[in-house]
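Structure record follows, encoded as structure tokens.
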Amino acid sequence: MRKFLVSFALIFCAVVASAQDLYWVFFTDKNGTEFDPYAYFDAKAIQRRVQQQLPLCDSTDFPLNRTYITAVDRLSEEMIGESRWFNAVAVGTFRIDEIRALPFVAAVTPIESHAVPASVSSEESAPTAAADIAHIYPQLDRMQGKRFVEQGIDGSGIRIAVLDGGFKMADEHPAFQHLRDGHRILKTYNFPLKRENVYGWSSHGTMVLSCIAGIKDGNKIGLATGAEFLLARTEVNAEPRKEEVWWMMGMEWADRNGANIINSSLGYGKERYNPEDMDGTSLVARAANMAAAKGILVCNSMGNEGDDRSWRTLITPADADSVLSVGGIDEMGNPSSFTSWGPTADGRLKPNVCAYGHAFVANPSKTKPYTYAYGTSFSSPLTAGFAACAWQSRPQLNNMELKAEIEKSADRYPEHDFRYGYGVPQASYFVGEQKKAAVGELGAISGKVTNQRGEALAFIYVYLQRNDSVINYVMTDLDGEYALHDVQAGTYYLTFDALYACGVKETETNIVLGEGEDFVVNHEIKCSPFTDRVVGQPTSINNLVPRKRGVNARYNFAPYLSWGFVAPAGPTKPINYGKSESFLIGLRFKGNICKWYSLGVAAEIGATWYNLKKSRYDYPYENVLGPNDSLRYTNLHKENVRVSFLQAEFYQRFRLVPGGLFGYGLFFDTGIYAGWNFYARHKTVSGEADYRTKTVTPARMVNAFQWGVRARLGFDIVAVYVQYRINRLDVMTPNSLDLEFHGWAYDDFPALEVGLQVTVPLGR
């Protein structure tokens, strides 16, 4: 028992230590520090600043005060990393109140995030040699990549940093032989392990890199085959809350080492934030904007939450204002089902552009070196390679001018929407073969949306469409009014979508907008009475977000079924293994305190079958027959006791790694349970032919109350559990000499139980 409790305590402490108490500690100043930009920056970083007329000595690049760092380190269990840009250190500590009280600490922020690759990562078989395209693969043709190739534009002179989870076999894969031969992988760094080797751990980074600069048999997979590269590993699934720190450190590392472009196919979403947080104010979004302020073009995938109706928006840092955010499309030109949509929570246009989310990529396998893969992750590096070529063709542009030009080059510009952005960038725009048509004076469409009783309907999406393509959208205000500005002359129709009310759409067709004209359309939504509930809602747009259900809900009900086996622990009698079983059904109620921690209670009913092997005369017969009596039998017989019970459990959950089909991910539960044994049945079967089988159901056969500790380690809906009963389960069983003569004896039954549990979230 003592060993079990010690082990349980150690496991509990380890889980708690890994699941909490990580913080950003922000300092008040950088007093007493010195900075030499020529010693700190790579020559390419100096060149970028000079070309874009940026200061070489900016306070955000100054080092942190080492005295401050030392003081915080003394009060911390772990120093995770630091950020010059934000004058902060990331630490793991249980003494945060002492750190917060230090005079040079300006603020403290908990770290609760989890970075995930913005890729679905499902793969198809690799194409055969006969199926290989003779020039450039369709993912590049869609961007008119041939135009760059014909002009000899391959991203030469541009330095690209790639932040990802690892670059398995990139140091030996044939797709990157040209980079190795040209010594154009300049630097690498593994932030989780604090060393240079990045060539392992994940295939995701290898696939992403190939979308920027890969070559197969002389055919380009990505456009920037002449660029230079910096490779950083910043993601580790086992350390979810530290990845934000490593990502930000990777951004600063890329800036210091002269990156012109940063590609990030990573993002942070529902594991830390709510949809309304996607407004460009997260720390990683601010870091992305800071990189843009240093003259770097940041390309980031929108995310893969398009199929998740509980989220239905983008992830950060794709929400950052200065980031070139990229959505995914399929081979038919339609938005990929998995790609995240815009806009940002504060209504800004995202994505900026789009590219293929289904790509031909390098695969880190010696038997299958190339494959197809799905994911918005691949749209961003394809665009980053395009951007490198575009920048090579227009070297006089700064990063924000280049971002604007890439938007203008897209095939839908100046029309835009929250799935395509401005569309797919086109190389012909940068090599002078195609000019955008002049845009005439722009007009506006406005109106008011009401219900059947003429009442204004707040918060209804109004889509402006042409040829089944949404080119603009807006949401009504509290008075049901809307206005779509800067609309080109043309023929349109409107879709009024009560997305968060009754879920139906109605259209108003044949809107012909003249140049510079203002068109007014008032419309009545014919919807179910439920629509009327929208009226009078609070003004916050956050009320529009569909209520999360299932595991992501604030509160969650879930039925479950447990099946376990009793095991001996302590001085209990031996049992028949595989036959002493426990069955339990229950209903669990869980409330999420934060993204990784929740509390819950459960009500359950079940039964345990104890199958014991006992000596026939294990009762203290000396007191009856005398110590020298010759009637000592050692024959074994079997006893079966069924105990039925009602139980309640109080537990806490630590969500270690999110994910899974139902959203649970990897989790650890620990708690206590207490139960009332309302029924017991005993059956004794002799091991000898002359001993009768007895079945008894006495009213006072079992101790009515039991309690103990319980722990579960699970993934998604399946968990392995272990529980240990703290108090004795004193079961009165018939003694083995003579039931009528000697009455009942007490047995201390096995207290340890292990098993499996299946839990299904409701309403998901």
Side-chain angles (χ1 to χ4, degrees), residues 1 4-21 112 240 271 548-567 569 582-608 645-660 662-677 705-727 729 751-764:
M1 173 65 184
F4 173 81
L5 292 178
V6 171
S7 300
F8 182 83
L10 291 174
I11 294 173
F12 174 78
C13 292
V15 172
V16 171
S18 67
Q20 61 181 350
D21 298 323
E112 300 173 357
E271 306 310 332
K548 292 182 178 180
R549 295 176 295 175
V551 69
N552 290 320
R554 181 68 181 272
Y555 304 103
N556 172 33
F557 283 97
Y560 60 92
L561 173 66
S562 298
W563 173 48
F565 295 89
V566 182
S582 178
F583 295 93
L584 184 72
I585 59 174
L587 181 65
R588 193 177 307 282
F589 174 78
K590 180 173 66 69
N592 290 326
I593 306 303
C594 59
K595 295 295 181 181
W596 54 268
Y597 180 77
S598 56
L599 294 175
V601 294
E604 49 199 27
I605 185 171
T608 301
F645 46 79
L646 291 172
Q647 291 185 157
E649 178 190 3
F650 177 80
Y651 73 98
Q652 55 184 334
R653 168 164 296 179
F654 301 95
R655 198 171 178 205
L656 306 179
V657 178
F662 291 90
Y664 278 96
L666 182 66
F667 62 87
F668 178 79
D669 291 351
T670 179
I672 60 174
Y673 72 92
W676 175 60
N677 304 303
F705 179 75
Q706 64 174 11
W707 71 280
V709 293
R710 183 180 293 165
R712 282 181 296 275
L713 180 65
F715 182 80
D716 217 20
I717 64 174
V718 179
V720 177
Y721 76 88
V722 57
Q723 66 181 44
Y724 190 88
R725 188 176 59 253
I726 301 298
N727 65 327
L729 181 61
L752 184 66
E753 180 181 320
V754 295
L756 296 175
Q757 187 172 102
V758 177
T759 306
V760 180
L762 293 178
R764 188 164 173 79

Once you round to the nearest 0.5 Å, how far does CH2 of W707 lie from CD of Q647? 13.0 Å
Rounded distance (nearest 0.5 Å) linking atom CG of L599 with atom CZ of R653: 11.5 Å
May I have the step-by-step check of ring-ring contact (aromatic ring centres under 6.0 Å, His included) for F654 and Y597, ending in yes or no? CA-CA 5 Å; F654 301 95; Y597 180 77; 5.3 Å; yes
Check G591 against S598 and note the closest heavy-atom contact, atom names and distance. O-CB, 3.1 Å
Tell me every residue that passes side chain to side chain contact (heavy atoms under 4.5 Å, CB included) with L561, counting only those two or more places apart in sequence or in another chain. I585
In short, L584 meets F645 closest at the heavy-atom pair CD1-CE1, 3.8 Å
Can you list everything that forms a side chain to side chain contact (heavy atoms under 4.5 Å, CB included) with A607? Sequence neighbours excluded, please. W609, R642, S644
Please enumerate all residues that pass side chain to side chain contact (heavy atoms under 4.5 Å, CB included) together with W563, with sequence neighbours excluded. F565, E581, F583
On a heavy-atom basis, which atom in G564 and which in Y721 lie closest, and how many Å separate them? CA-OH, 3.2 Å
Distance-only donor-acceptor check, side chains Q706 and Y673, under 3.5 Å: no
Ignoring hydrogens, what is the shortest heavy-atom contact between F667 and L713? Give both atom names and the distance. O-CD1, 3.3 Å
Kindly indicate, with the supporting measurements, whether the criterion side chain to side chain contact (heavy atoms under 4.5 Å, CB included) is fulfilled by L752 and V722. CA-CA 8 Å; L752 184 66; V722 57; 3.9 Å; yes
Test of understanding: with side chain to side chain contact (heavy atoms under 4.5 Å, CB included), list the residues that count as partners of A603, not counting sequence neighbours. none
Taking only residues two or more places apart in sequence or in another chain, which ones pass salt bridge (Lys or Arg N to Asp or Glu O under 4.0 Å) with E649? R588, R710, R712
For T608, the side-chain hydrogen bond (donor to acceptor under 3.5 Å, both in side chains) test, sequence neighbours excluded, returns S582
